[in-house]
Every structure is written in C-alpha cells, then in structure tokens.
Number of protein chains: 2
Amino acid sequence: MGAMTAADTELARLAKALGHPARVAIVRRLLARGECACGEIVDGLPLAQPTVSQHLKVLKIAGLIVGEVDGPRVCYCVDPRMVRRVKDLIGGL
Amino acid sequence: MGAMTAADTELARLAKALGHPARVAIVRRLLARGECACGEIVDGLPLAQPTVSQHLKVLKIAGLIVGEVDGPRVCYCVDPRMVRRVKDLIGGL
DNA sequence: ATCGTTCATCGTAGATATACGATGACACAT
DNA sequence: ATGTGTCATCGTATATCTACGATGAACGAT
C-alpha cells in the first residue's frame, strides 16, 4: 500500500477535467438542459468560441460529455455513466 | 443562468487540487491512516521529497488537508469538512 | 555549539494549460 | 457556385504545473 493506484489515476484524470470553472459550468448546464448546442454554451459563457470549443474537447476526451453532429450544429450532452463514475469515485473517498 | 457561478468556481478549485494522481493518493492515505507524517507520505510515493512537499502545499491551500508541526516532523491529516464539501458539490451535480 | 533528522522553500527546466484571432471544414440555403 | 451560419482546428503568447537538486529553517540529541 502506498503507491498511486489505477483508481487514483482515474479519479485524478476526471477531477482534472472538472478543474476549471468553465468546464464545471458546461457540465452543469448540460445536466440542466439535457442537451445543448455548442452555440448556446458559448452564449452562456464569457469566453470566445474557440476557447469554449477547447474546453468541450477536454470534457469529451475525459469521457464526461459526447457530441453529436446535427446538421450544421453539434449537440452536446453528458454521459451519465461517467458522471456516475465521478460521483462514485469521490464518494468512495 | 449560464455564467459561471461561485459554486462552479469552488468545485473547480477543489477538483483541480485533486487533479493529480499523487494528490489523490495522499488524500486516500491520510483518510486510511487518520494522520501521517510527511516522511511516510514520501516513502509511499515514487516522487522526490520536494515534489511531495509541493503537492502537500497544493492540498493545504485548497483546504483539503492541514499540517501540524510535531517536534521535527509535520503531521498531516485531512479536513473532514472539506472532504464533505467536495462530496456534496460533486454529488450535487 | 555541532550534528543529524525532518521538512519547507528557492531556483529552474520542461511540459501542459488557457486564451483568442485567423482560418478551415461542413451543412444548408439561395 | 456563392454565401451564411456553425463549429473545429491551427498557430501562438502567456501563464501555470510538475519535477528535482540545492539550500534553508527548526527541532532534538550529543
């Protein structure tokens, strides 16, 4: 016992993805709205569109959200399994 | 509704502090042991002593742990209120 | 007073994160 | 084909993070 475990790495990876106010706000908004186009997210944040897109990418790589192309738009929503996973890992502390 | 709230910033701040495997491992160890001297933490991690001390500082600034000087040693333990706070904030997602 | 132990801080190199303008890619119109 | 609206990616500047050797500060023992 002592070294960093796989669970430590997984939790750190997810926590890091949530380690920026904009990304927390995005997740919260998606949970409230169910799903949301990128533009709406941009409108709700005091950040430029490329910056928001970059934050969305971080959340997507972490697996917390998924993006579905819908015509000219991209619709984002949370992956409830990953949100559950975060809650379990934090709750397991 | 839309902009980043104070709760978003607080959660992001705490999540960021947990956004490194070593820091998660430290918190977990402290929760398991109750309290722990710095040296024991160093021994349990594949990192140099200054690096561990730096990680401890991050956790301390975030309020997740507190350090008490005990002779030549420094005894660390988690602040249970802050751990509760993290769980509540994550659970509230 | 000097030494050994324990831990923090300093200084620094390399990597990663954050922000945005500019540009590219794609779908849907006209 | 041309244009418009939507979003991703590129390029880049600045800041922050991560790691460690070297050094400093504080305590207990000799």
Side-chain angles (χ1 to χ4, degrees), chain A residues 2-4 8-27 29-30 33 35-78, chain B residues 2-4 8-27 29-30 33 35-78:
Chain A
M4 302 174 288
D8 292 340
T9 301
E10 187 187 6
L11 176 49
R13 222 176 56 85
L14 292 170
K16 190 173 182 178
L18 291 176
H20 192 289
R23 293 196 287 269
V24 174
I26 290 170
V27 169
R29 186 185 191 95
L30 290 179
R33 291 275 206 284
E35 68 179 21
C36 223
C38 176
E40 310 177 46
I41 300 173
V42 172
D43 291 343
L45 291 173
L47 294 171
Q49 175 266 323
T51 304
V52 174
S53 201
Q54 197 169 239
H55 284 303
L56 288 168
K57 188 178 184 179
V58 171
L59 291 170
K60 196 161 42 177
I61 289 176
L64 286 165
I65 68 174
V66 294
E68 185 188 352
V69 177
D70 173 31
R73 307 167 175 244
V74 176
C75 222
Y76 285 98
C77 61
V78 301
Chain B
M4 303 174 287
D8 292 339
T9 301
E10 186 186 5
L11 176 49
R13 222 176 55 87
L14 292 170
K16 190 173 183 179
L18 292 175
H20 192 289
R23 294 197 288 267
V24 174
I26 290 170
V27 169
R29 187 186 190 95
L30 290 179
R33 291 274 206 286
E35 66 179 20
C36 221
C38 176
E40 309 176 46
I41 299 173
V42 172
D43 292 343
L45 291 173
L47 294 170
Q49 176 265 323
T51 304
V52 174
S53 202
Q54 197 168 238
H55 283 304
L56 288 168
K57 189 177 183 180
V58 171
L59 290 170
K60 196 161 43 177
I61 289 176
L64 285 164
I65 69 174
V66 293
E68 186 187 353
V69 177
D70 174 32
R73 306 170 175 240
V74 176
C75 222
Y76 285 98
C77 62
V78 301

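Numbered from 1 within each chain, the chains take letters A, B, ... in sequence-line order. Everything numeric here is computed off the predicted structure, so don't read it as measured data.
- Residues from residues 16-23 of chain A that place a heavy atom under 4.0 Å from any atom of DNA chain C, listed by number: A:Lys16, A:His20, A:Arg23.
- Here the closest non-hydrogen pair linking B:Pro21 and A:Ala12 is N-CB, 3.3 Å.
- The listed nucleotides are D:dA19, D:dA22, D:dA8; the one nearest the side chain of A:Tyr76 is D:dA8.
- When the salt bridge (Lys or Arg N to Asp or Glu O under 4.0 Å) test is applied to A:Glu35, no partner is found at least two apart in sequence or on another chain.
- Taking five base pairs at each end of the helix from C:dA1-D:dT30 to C:dT30-D:dA1, the local helix axes there meet at an angle of 10°, rounded to 10°.
- Residue B:Ala37 has its side chain nearest to C:dC7 when only C:dC7, D:dC20, D:dA8 are considered.
- With rounding to whole Å, A:Ile65 atom CD1 is found 13 Å from D:dC7 atom P.
- Looking at the side chain of A:Leu56, the nearest of the listed nucleotides D:dA8, D:dC20, C:dA8 is D:dA8.
- Here the side chain of A:His55 is nearest to one of D:dT9, D:dT18, C:dA19, namely C:dA19.
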Base-contact (B) and sugar-phosphate-only (S) positions in nucleotides 23-30 of chain C, heavy-atom cut-off under 4.0 Å, - elsewhere: ----S---

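- Nearest approach of A:Val24 to A:Leu18, heavy atoms of both residues: CG2-O, 3.2 Å.
- Here the CD-CG distance, from A:Glu10 to A:Asp8, works out to 10.0 Å after rounding to the nearest 0.5 Å.
- Of all nucleotides listed (C:dC7, D:dC20, D:dA8), C:dC7 comes nearest to the side chain of B:Arg73.
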Acceptor/donor pairs from residues 38-66 of chain B side chains to any protein atom, 3.5 angstrom cut, sequence neighbours excluded:
| unit_1 | atom_1 | unit_2 | atom_2 | d |
| --- | --- | --- | --- | --- |
| B:Glu40 | OE2 | B:Ala37 | N | 3.3 |
| B:His55 | ND1 | B:Arg23 | NH1 | 3.0 |

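- You won't find any donor-acceptor pair under 3.5 Å spanning the side chain of A:Gln54 and the base of C:dA17, going by distance alone.
- Near-neighbour residues of DNA chain D inside residues 57-64 of chain A, defined by a heavy atom below 4.0 Å, are absent.
- The two atoms that bring B:Met4 and A:Ala25 nearest to each other are CG-CB, 3.8 Å, heavy atoms only.
- Between B:Arg29 and B:Cys36, the shortest heavy-atom contact is NE-SG, 3.8 Å.
- Taking the nucleotide of DNA chain C with the nearest heavy atom to each of A:Leu47 and B:Ser53, the more 5' of the two is matched to B:Ser53.
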